[in-house]
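The structure appears right after this line, and notes come after that.
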Amino acid sequence: MFEDILLIIGGPQGSGLETSTLVLTRAFAENGYNVLADREYYSNIKGKHSYTHMRVSVREINSLAYPVDLMVAMDAETVFTHFSDISKGGYFIVDKNIVNNDISKIVSMEPLVRERIIRKLMEHGITGENVNSIIDYLEGQGVCVIKLNYLKYLKHLAKKYKISLSAVSRYLSAIAIGAVAGLIGVDRETVFNGIRTILAGKEEIIKHNIEIINLVAEEIQNQVGIPLKLTKAQPKHDEVLVVTGNDIIAMGKIVGGLRVQTYYPITPAADESFYIESKQLLKAGNDIIGGIVILQTEDEIAAIASAIGSALAGARTATATSGPGFSLMVEGLGWAGITETPVVVTYYQRGGPSTGMPTRGAQSDLLFAIFSGHGEFAKIVLASGDHLEAFYDSIEALNLAEKYQLPVIHLIDKFLANSTATVPLPDFSKIHIDRGLIAEKTSDYRRFNKKKLVSPRAFLGSNTIMWYTGSEHDEDGHTVEDPINRLEMYEKRIRKIEAADKEIPVEKRAILFGHKGSKVLLVGWGSVKGPILDAVSSLKSQDISYLHVKMFSPFPKDFVKELLEESDLLVAVEHSYEAQIAKLITMNTGIDIPHSIVKYTGRPIYQNEIIHAIDQILSKKTKKVVLSYGE
Amino acid sequence: MICEQCKHYIPYDFYPYIGFCSLENKITFYDTECCCNFEPKVVEEIIEQQERVYCMTCKTWIYREDIDKHRSHKICINVVEDEVVHEESYAGD
């Protein structure tokens, strides 16, 4: 029996992989297992290769790894793309109708990918270029290849029921689900519960799906039994959420009192706004007690401007975007800075620069986020390392923005945004809403009152007069150029970061996993947390700790400096070329981080890659390890 | 002869082994034995009747002026696109 299973389901984007992922994740979660699933897809959205890489475990899991124990190929491209990702003794499900498909005929495959795979076939000693050649190779490697007749299931359904041809993806996804359910021996009823939830309201399709799942699972079990049966789970929590990063950040914002979200659609941020929109009517029981305004604007410049406008009117406001969108927002951010307007920008990083790789991840915008905007103005920049952190951080971002009356940038990356995970329910006792200093009605109101670092804030539309301008201004908000006023206003704004530095507890800014003075200290942020924690856990005999940095402005320099000074070997880990966190640390502490593990292919960092990279650094083979595994 | 060879067979784009008979208005499969209404696919005839056709080999629509590049490919008069694909795809831009 297994405690941990890794699997891949691959096929053309839009052909049912999302449904398969959601149904299986829910089924495993209902059985008490922990699940993490990442979706990788091309930016053309429909038709090109995509896959779900999933891990199911009785243990807490933070990352994915290779090789996988099970692969389900919905098309020939998956076979060619992932044949070398499966372990010896693993299981490979393939459609017998495609076994003669040749790699040269796969039009959705990029020419460079095709050339690389053909070279890989040769390196593995595979002489043919069709699916059958791969099958022969895998069987020689001890992989159990199960050829199912996908067409047979569709014919069975078509004969028995009136099926919808324009929704065949619904039936194809059931084949993948049935295959996984059969091999792992998941309680079938929990799988059906997943189907009923995901396809709620579509009773006929649910019935068809259940029939296919049963047919496929039974056929597989008749052939090979249940070879990948998981150990019975001992769940720690009675209830869990099954959510993507986008979902849980949206939930955090809603719980955190968001009232206005502005956005221009951009991958991978837009799904967050769509989720908020689906919940925009706030209900207590059956009563609608409030609402959230979701405003899709004509571009990101309008998105930040609208967000600022709504914040000035007193609404708790955020916007969400990615690199290209944030680039457009930067001037608006400066306006928010000089007018001390609280606004949150949820910044989902993706491969850049420019359009870059819209559906691939990166962490290459850290320095851009921190130093964005001309002129100097205070902003808080924080990042989340996993789904639960992202929930709390999205609330904290709103609180910090309103407490200090400044822009807050909440950095996420595509890996976190698009991965689905089982997440324990947040602890609501830890949540509070802080609206900062709100002005009481006064006849002598001065919006930028210099007597306080953070002046009491009145809202536009209240019975209080104030002025806002992007120019330097006096306490009322009128444009002035007096040099002493400039000095005082400048310091008033900038010193908020010093106040935040003193007041925000260090545990919200950096966390040490391990102990002080360890031989090796890995330093990272964002979603590298997961693979690093899993790698360090499996390397227990080596003295390795991980410093997870959560806040970059204000930077927790004293805490970080002390830890760095006590370790022998410092290694920065990041999805970028330069390991920007290392540069930021040097800037703030004077300490150089000479080693790095970096990845900039746009694919996630895997647990096994970190383990191998640490080994390379410890054996002094290299100072910089560049990772590149994964399609 | 099988349905796939008939000009009335409209395949499903992700999985062309299942399709639709535009004449009989029903679901069929690529390897179903053809019926009495079978009409072989003749590319010239099809392209004369409609300005564009779907190339299953290249997974794209092609127009009359491009037909020469696709003569040896699997051409069909139309393709069934999945109407729930938006539920399966993340926003992309």
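Sequence lines set the chain letters: A, B, ... in the order given, protein chains first and strands last, and positions in each chain run from 1.
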Chain A neighbours within residues 14-28 of chain B, where any heavy atom lies under 4.5 Å away =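 Residues B:Phe14, B:Tyr15, B:Tyr17, B:Ile18, B:Gly19, B:Phe20, B:Ile27 are the ones that qualify, each having a heavy atom under 4.5 Å from chain A.
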What residues of residues 29-39 of chain B sit under 4.5 Å from chain A when you count only heavy atoms?
->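 So the qualifying residues are B:Phe29, B:Tyr30, B:Asp31.
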Taking A:Ile163, A:Ile106, A:Thr21 one by one, which has the highest count of heavy-atom pairs under 4.5 Å against chain B?
->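 Ranked by contacts with chain B, first place is A:Ile163.
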For A:Tyr264, does the OH atom have more than 12 heavy-atom neighbours from other residues, nucleotides or ligands under 6.0 Å away?
->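 Incorrect, the count does not exceed 12.
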Please state whether the side chain, the backbone, both or neither of A:Asp95 comes within less than 4.5 Å of a heavy atom of chain B.
->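 Contact with chain B is through the side chain of A:Asp95 alone.
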Could you note down all residue pairs passing salt bridge (Lys or Arg N to Asp or Glu O under 4.0 Å) where residues 41-59 of chain B supplies at least one of them, sequence neighbours left out?
->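 Every pair satisfying salt bridge (Lys or Arg N to Asp or Glu O under 4.0 Å) with a residue in residues 41-59 of chain B: B:Glu44-B:Arg71.
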Could I get the full list of side-chain hydrogen bond (donor to acceptor under 3.5 Å, both in side chains) partners for B:Tyr12, not counting sequence neighbours?
->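 Scan of B:Tyr12 (side-chain hydrogen bond (donor to acceptor under 3.5 Å, both in side chains), adjacent residues dropped) gives B:Asp82.
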